[in-house]
Amino acid sequence: MEIDWNAIDRKWQKKWLENNDHETDSNNKEKKFITVAYPYPNSPQHIGHGRTYTITDVHSRYLRMKGFNVLFPMGFHYTGTPILGMSKRVEAGDTEIIDGLKNIYNVPDEAIKTFVEPIKIANYFHQEIKEGMIEMGYSIDWRREFTTIDPAYQKFIEWQINTLKEKNLIIQGSHPVGWCPKDQNPVSQHDTMGDVEPGFTEYILIKFSFDGYIIPTATLRPETLFGVTNLWVNPKTSYKKISVDGEKWIVSAECARKLEFLDRKITYDGEISGSELVGKEITLPHRNEKIPMLEASFVESQTGTGLVMSVPAHAPFDYQALVDFKKNQPPGLELQLIKPISIIETEGYGEIPAKEAVEKLGIKDQNDPKLEEATEEIYGKEFYGGILKQNTEQFAGKKVSEAKDSIKEWLAEKKYSDILLELTNSPVRCRCGAECVVKILTNQWFLNYGDKDWKEKATKCLDGMSILPQHIRPEFNYVIGWLHERACARQHGLGTKLPWNKEWIVESLSDSVIYMAYYIIAKFVNAGVISAEKLSKEFFDYVFLGIGSSDVSGVPKDIVEEIRAEFSYFYPVDSRHSGRDLVPNHLTFFVLNHVAIFPENNWPQQIVVNGSVLMDGKKMSKSMGNIIPLREAVRKYGADPIRLTILISAELLQDADFNVEAIKGIKNKLASMYEDCTKTKAEKFPELEPEDKWIHGILQNLVLNAGKSMDEIRLREALHHILFDFDSELQWYLKRTKSKQRTNISGILHKILSYRVLMLSPFAPHIAEEMWEKLGHSGLVSQSSWPSVSDVIDPNAIQSEELLKGIMDDIANILKVTKITPNKITIYTADSFKLKAYHFILEKVMAGQTNMGSIMKELIANPETADIKKNPDFVQKTIKDILSVPTEIRKTKLATKEFDEKSLISKELISLAKSDFGVDLQVYSENDSGIYDPKGKARHARPFKPAILIE
RNA sequence: GCGGGAGUCGCCCAGCCUGGUCAAAGGCGCAGGGCUUAGGACCCUGUCUCUUAGGAGUUCGUGGGUUCAAAUCCCACCUCCCGCACCA
C-alpha cells in the first residue's frame, strides 16, 4: 500500500497545533518536566541530532499517555565562539565553508551573504532547526522558546552568575591556554589549521648555576637530577642572556619568547654562543659539585630551553650523545672518564637501562629516530616499575611514580627549579596563519569545581538520581572527581557579559546549566506579561528560591506569585536528555550548578544519555559527505520512518546505524500494520475459546514488557516488543482459528491492533493517529491512555497452547528427519502415575534438588510412583524437560495439578493436524484398553511430552 | 597512563546484573515455496554440524577455575572503541 507520509505528517501536525496539544501549564495532575540539551544553531540538524530529540519526544509522549502533565520545552543556544569563527571565515571568502553551506546544507546564496554577521547565522539556523523539529512531530511547547541572547535570558544568567559569586564559587586566577599572538585570543581545535587541538605539557626547569647566571634545563623527569653527569649544548645555537623576574638566565631565543607569554617579566641583556659555553663547568643546584657542558647535535633550540641535562644511565638520547662525544675525543682525556650514574633500579634491566635499550634497537648515533622509541620504553618501564637507589638521598627506596611529585615539590621549595609550559604538538597554526604559543592568562574567572563541599553535594545529588543507562553512572562520578577550576568567561563571542566585569562574556558551558528554570519565565516574557528590565535579583530570588517576598518592584504581586507557583509546580527537572559527548561537561555541570543554587527538593531527578548515529556504519562527517540534514530526510522518507529507524537500530548508548535498507524495512512494517487497521473492524467478542484466552495472555505480557522497557527508556527493546515480538504469537493464533474455521475473531484482532497502535503512538505519532482513525476510534491516539493490564492471565490457557505447539513441533521434526509422508498420526498421553511423578520431580527441581539418584529413590519408595523403576530413563528425561521450561511456566504447572491432556488434544489438535499435515489424528492414553500401538511407542509418553506414532 | 565500555551463530545486534526458558530473540542477508504479467512489496519454510522418530555433537575473544549445570559467576590474558577540559 502506498502511503503519502508527508501528507499524513502535515495532517496530524495541524490537528495537534489546532488543539494546542503540546502546550502545558500547571494544573492539578502530577507533572513531568522533560528537557533536552538545546541546539547550537551553527548548522541545520542532521539525523544524529534527531536521535536525542526523538528519544526525548518519545519519552514525553509516553509519559503523557501514562497520565502525567508533561512539559517539553525548547530553547536555542546562541552563546559561543564557533559561530563567530564561521562568520569570520565567510567574510574572508573561505570556499571550504561556503561550499559546505551551499552543498551540504543547501543554504541559499542570499542567506550566506548575510552570514558575515554572526547573529544572522544563528537566526537562520535557529529557524531551520525549529522547522525541522516541528516536521519531526516533536511535542514541544513552543510558547516557552527563547535564545540565550534574549535580554531576559541575559538577566537570568546575570542572576545565576552573581549567585554563584556570592557563594564564593567563582574565583579569579591564572590559567594556561593555547594562544594566537596575532589575534590576541585563545585558540582551540576549531580555531586552528587542520583542526588540531593545541596540547601542552609542563616541563620542570632545573636551575644550574654558571658564572653568575642560571642555566635552566627542561625535563619531564625531575628525579633524574641525581644521575646528571653533564649538560648538552648545541655549539651552533646562539643563546640569549636574559633576566627573568630579576634573575639572570641563559636560554635559547625560542625559549625566551615562550617565557614572555608565560607571564614572566623578560629583558634581553645580550647573547652568548653555544660554542662559548662548551667545555665550561656549571654547578648542580642541590649540592656544590661541578659538571661540564659538552656539545651535542641533537639539542634543538626550539625545544625546552635549548640546553639539556644529561642523564646517560636512564635517557637513551643522553647515553648515545655521550658515546658519540667520546668517539671524537682523544683517548686518555679526563672527559673520557665520564660514566653514567645509575639511580633507578628496574626489574628486567641492569645498571644502565639506556644502554640496553640503545643496543637492543641497534641505534647508530644521536640523530637516529629510533631513539624516541627507546626513550618511550625506558620512561614507561622506569616510571611504573622503577625504584630509586641509595644515591637519591632522601628519596631512596621510593617508587619513581610515587617519588616524582615529592621531588617536584622539594625542587620548587628549594628554588632549584622553575616551570615551563610548552606545546606538545607544535607547530600549531591559527587560522590566521600565526604560530600559536602557550599563554598564561591572568585575571581569568573560574568556577571552582574543585571545591570539596561542592563535589560532595553533587555526588549526593547524583546518588539520588536515576542515570540511564545505568552503566554510564561511574563516568559521572569520575568526572566530578577530577573536575577542578574551570574558566567560566571568555573575551569573544555572543553571550552575556559578566555583571562585575563587562570585558568578559560568560562562557557557553556556564550559561547553559540551569536554564531549564528559565522555561518557566520564558512563557511569561513571551506573552508580554513581564519584561526583561523587571527581572531583578529580588524577582529571581523569590521565584526560584523562595527567598524574600513577592513584593518585587515593578511587577504586580499576583504575577510574581503566579510565576513562583508555576515554577514550584514544574521544578525539579524530571529528566534531562543529551548525547553522551556531554557527559564530561554539560551534564555534570548541570548537576553541579543545580546543587550549588537550588535547594535539595529542586535537584534534578534523572539523566538519560544516548549514543550517536552512524550512516551506513560510518561516522558522519563533512569530509565524507554523508551528512543528511534532518529536514531533507523527512521530506524524502517521512517523519515516522526516520524516528523508528533511528530508535530501533541500537539501545540507548550504542551508536545507531542509519541506512536506506533499514528505513525501507520500517516503512514496510508500518504500511502493513496500517493496512491491517483499514481492514479490521470492531466487533463483539465471542465466547472465549482456549486460544482466545491464550492470545489475551500474550497481549497482557506484551503490554507489561513494553511498559517495562519504556520506563527504562529502552526504546529499541520496546519497539521490538510492539512491532515484532508479537508476530509469531499472532501467527499461531491465526493458524489455530483458521484450522477451526472460526469467523468471529475480528473483535479480538481489533483489540490487539488497537493496543499495538496505542503503544506505537509515542514512537510514530503521525501514522499512529491515522491508524487509530482507521480503526474507528474517536479522539486522538496521542491523547489516549497507555493500555493497562487488568485481566488475569489464565495459566491453563498458556499451558494448553504450549502443549499443542510442542506436539506440532515434534511432528514436524519427525517428518523432517524421517522424510516420510504421513498417512496417519497417533498420539499417546502419559499415564496418571507419571503425572504424579512429574509433579514430585517438579517440586524437587523448584526446591533446587536436581540429583537424579535421590529423586529416583524417593519415587520408588512411594507406592503411587513405584512403577517408575520399570522406566528409569523417564526420570532423567523429565528432569531435563523441566529444566528446559521457563521458570514462569514451571510455576503455572506447579499451580495446576489437574491437566487433561487427552481431552485437550482430541478437542484442539485434530483440526490443526488436518490443516497442517492433511491427515487424521487419534489420541490414546498409554493405559487405555484397546489401544492401537503397533510400534510400542505409548510407553515413551511423558507428561507434556506425549508419544507420537506417524505412519 | 588514568577512567569508562565492548568482543555472541554471514552481517547488525539481544541475552550476561538475577546460572538451568540458550544452538542462543529480533532485524538484515541468503536459499526454497506462495502471491504477481514481471519486478517490488507481502506471506510461509529453512539458514552451526550430523541424524529415516521428536535425537546427538561442537559453539558465545583466549586460557584456566567454581558448579549437578556457565554466553551468564571468578581469575589471568589478548584485541577494539570512547573521554581526559576551557570546546559546542
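Just so it is clear: chains get the letters A, B, ... in the order the sequence lines come, proteins before strands, and each one is counted from 1. In this text the structure is predicted, and so the values were computed from the model without any measurement.
- Using modelled atom types, one finds no donor on one side chain facing an acceptor on the other under 3.5 Å when comparing Arg714(A) with His721(A).
- Checking C42(B) for Watson-Crick or G-U wobble geometry (two distances, each under 3.5 Å) identifies G34(B) as its partner.
- At a threshold of 4.0 angstrom between heavy atoms, the contacts of Arg714(A) are confined to the sugar-phosphate backbone, with no base atom among them.
- Across all strands shown, nothing is found opposite U52(B) as a Watson-Crick or G-U wobble partner with both distances under 3.5 Å.
- Between Asn668(A) and A41(B), a side-chain N or O to OP1/OP2 separation shorter than 4.0 Å is absent.
- Applying the 4.0 Å criterion to OP1 and OP2 of C81(B), one finds that Gln654(A) has every side-chain N and O outside that range.
- The aromatic rings of His586(A) and Tyr515(A) lie tilted to each other, with the angle between the two planes from 30° to 60°.
- Under a 4.0 Å N-O distance rule, the pair Lys945(A)/Glu901(A) does not qualify as a salt bridge.
- Base pairing of U58(B) is not made with any nucleotide, judged by Watson-Crick or G-U wobble geometry with both donor-acceptor distances under 3.5 Å.
- For Pro474(A), whose side chain is taken as the heavy atoms from C-beta onward, the closest listed nucleotide among C84(B), G5(B), G54(B) is G5(B).
- Nucleotide A71(B) forms no Watson-Crick or G-U wobble pair with any nucleotide shown, as no partner meets the under 3.5 Å limit on both distances.
- Pair assignment for G83(B): C2(B), on the basis of Watson-Crick or G-U wobble contacts that are both within less than 3.5 Å.
- Annotation: cation-pi geometry satisfied between Arg576(A) and Phe590(A) (NZ/CZ under 6.0 angstrom from ring centroid, within 45° of ring axis).
- With respect to the salt-bridge test (charged N to carboxylate O, under 4.0 angstrom), the residues Asp933(A) and Arg939(A) do not qualify.
- Distance from the side chain of Tyr478(A) is smallest for G83(B) among the nucleotides U51(B), G55(B), G83(B).
- Distance from the side chain of Arg716(A) is smallest to A25(B) among A53(B), A25(B), G83(B).
- Side chain of Arg486(A), nearest nucleotide from G55(B), C86(B), C42(B): C86(B).
- With hydrogens and angles ignored, no donor-acceptor pair closer than 3.5 Å exists between the side chain of Asn813(A) and the base of G54(B).
- Between Thr81(A) and A88(B) there is a side-chain N or O to OP1 or OP2 distance below 4.0 Å.
- When distances run from any side-chain atom of Glu475(A) to the nucleotides G4(B), C84(B), G54(B), the shortest one goes to G4(B).
- Look at C22(B): it lacks any Watson-Crick or wobble partner with both distances under 3.5 angstrom.
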